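Proteins come first, then strands; the chains are lettered A, B, ... in the order of their sequence lines, and each starts at number 1. Remember, predicted model here, so these are calculated numbers, not experimental data.
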Protein chains: 2
Amino acid sequence: MNNSLLKDELRLVDTSSLVDKVEATIVELLKNQKLKVGDSIPKEMELAETIGVSRTVIREALTRLKIMGLIESKKKKGAVITSPDLFGIIGKSMNPYILDEETLKQMFELRLVLEVGMADLIFQRITKKDIEELKQIVSHEPPATQHHLFNIDHEIAFHGKLYEITGNEALKKFQRMLLPIFDYVHHSGLLKKPASIKKFVSHNGLIDVIEHGSPEMFRNAMRNHLENHFARLFEQ
Amino acid sequence: MNNSLLKDELRLVDTSSLVDKVEATIVELLKNQKLKVGDSIPKEMELAETIGVSRTVIREALTRLKIMGLIESKKKKGAVITSPDLFGIIGKSMNPYILDEETLKQMFELRLVLEVGMADLIFQRITKKDIEELKQIVSHEPPATQHHLFNIDHEIAFHGKLYEITGNEALKKFQRMLLPIFDYVHHSGLLKKPASIKKFVSHNGLIDVIEHGSPEMFRNAMRNHLENHFARLFEQ
DNA sequence: TAAATTATTATGTATGACATAATAAAAGTA
DNA sequence: TACTTTTATTATGTCATACATAATAATTTA
């Protein structure tokens, strides 16, 4: 076996830096001790001595855990376990100018998938008050004739409310982060096919389905409502 | 105005730490210079001097950017801009033992939403080869009579393939991370209602719909296929 | 006993030093 | 000249130490 091959194999085994290892060690340590949310973890110096590395390395590892939302540090008190905010974590990266085109397109698709797929959650959890709010939102929309494909503010208000109805916080957060991405992709030259003016199922139509239809009907209605977006995705 | 009051007011305006500010400053700097993927960013010492803080702070800020996947650092070369791997970032947090119950349940729901909603992507991008592979996977499954609600390996193989067919890398990565969560929630006591033995649309049934049906039919078939999971979610 | 003061503690920030790996420059050899 | 080997150089990785800062605990004082 030649040297570069050996090197490759070794890389497979352990390409991680010291901080990587320490990070894993700490997570393992927390897991083994079955620490729950709110419990405080060992002090930086204790960890440094226990694991046998400098405080610098410990701090960098802890920084990572902080960013991932696993811990939160308070002066004097030390760091305490927290429940990670999964989509909050990727929030800072959700920047159209930072993400590459392929990822942007994938996020665009993801929104469509979510909205078509969340019918059952909506039907299961919607209340009369929610329906009233949806109607309220639509009533403030300008007539279809005088606007372009869509007015972004009203789109956000209506679709945002739908996410809210699902009662799934993760879903909601995800949508909020997807919004600027979606808007960017929609208006950028990323999708070659221009947005069609043709209108399909309207917001009012969707409300009607929610009130008198079924999840199945809603999925189809939403799919139709989003037809312009799907068409731009597929026809290029 | 006394000193402590002034201090309090300032805190309201800016509660962020130095590293927070430096992090934002660096991101802003990269954005303004319109740096693209592959470009290298200023050295740590340069940044430290430009921004006027110690290298420690710079390093901690850069650590965060690294974790978010915005940059990758190489010795001698410095750090280069990278396109963030959105779902890779939250991967480390996707740990059933760390996440709280509510989040776990939300992830469980999210999977169902995705699989029902991704019909159009599948139909748009599926190839004959994909269908053959799906059939191949199903052919290796044990007969329905002799297994429990589902065999986790075959479930993963089949549904994983569906994600793959969508051609959406983000979606796929997301699924891979959701898998252990889903498995955990499924088997934990988190969902009170026991998993039903009743079978609905089978994997073979789904393939049949893919071959001879429409996205609309597939959504309904998948919704039916996942009925056991939905039922456990909603009926407690 | 309760409020005010002081001490303690753990994280936050700064600095300097050396290790390490990747690259560039220089030297040596055919 | 071209090509390999060796030697600097450079920037990140790691370590150690010191002090700042804020939160808590301990102590004093009224």
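Here A/Tyr184 pairs with A/Tyr97 under the ring-ring contact (aromatic ring centres under 6.0 Å, His included) rule; sequence neighbours left out. For the side chain to side chain contact (heavy atoms under 4.5 Å, CB included) test, residues two or more places apart in sequence or in another chain that qualify with A/Ile67 are A/Thr63, B/Arg64, B/Ile67. Not counting sequence neighbours, the partners of B/Glu60 by the salt bridge (charged side-chain N to carboxylate O under 4.0 Å, His left out) test are A/Arg59. Legend: residues meeting side chain to side chain contact (heavy atoms under 4.5 Å, CB included) with B/Glu46, ordered by chain and number and at least two apart, are B/Pro42, B/Lys43. For the side chain to side chain contact (heavy atoms under 4.5 Å, CB included) test, residues two or more places apart in sequence or in another chain that qualify with A/Glu102 are A/Asp100, A/Gln106. By the side chain to side chain contact (heavy atoms under 4.5 Å, CB included) test, B/Lys129 is found to be paired with B/Thr127, B/Glu133, residues two or more places apart in sequence or in another chain being considered. Under the rule for a ring-ring contact (aromatic ring centres under 6.0 Å, His included), A/Tyr163 has no partner lying at least two apart in sequence or in another chain. The salt bridge (charged side-chain N to carboxylate O under 4.0 Å, His left out) test applied to B/Lys173 returns B/Asp85, not counting sequence neighbours. A/Arg176 is linked by a salt bridge (charged side-chain N to carboxylate O under 4.0 Å, His left out) to nothing, counting only residues two or more places apart in sequence or in another chain.
Shown here is A/Lys77, whose NZ atom has no more than 12 heavy atoms of other residues, nucleotides or ligands within 6.0 Å.
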Produce the list of close N/O pairs, under 3.5 Å, pairing protein atoms with atoms of nucleotides 3-9 of chain C; give distances to one decimal.
| residue | atom | partner | partner atom | Å |
| --- | --- | --- | --- | --- |
| C/dT9 | O4' | A/Lys76 | NZ | 3.2 |

Give each protein N/O atom lying under 3.5 Å from an N/O atom of nucleotides 25-27 of chain C, with the pair distance.
none

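The pair B/Glu115-B/Arg111 counts as a salt bridge, with a side-chain nitrogen and a carboxylate oxygen less than 4.0 angstrom apart.
For the pair A/Lys66 NZ and C/dT11 P, the interatomic distance rounds to 8 Å; values are reported in whole Å. One can place CG of B/Leu18 at 5 Å from P of C/dT13, the figure rounded to the nearest angstrom. For the pair A/Glu72 CD and D/dA23 C1', the computed distance is 15 Å after rounding to whole Å. Regarding B/Lys75, its NZ atom lies at a distance of 8 Å from the P atom of C/dA22, rounded to whole Å. Residue A/Asp20 contributes atom CG, which lies 12 Å from atom C1' of D/dG13 at whole-angstrom precision.
In the region residues 44-62 of chain A, proximity to DNA chain D at under 4.0 angstrom, judged on heavy atoms, holds for A/Val53, A/Ser54, A/Arg55, A/Thr56, A/Val57.
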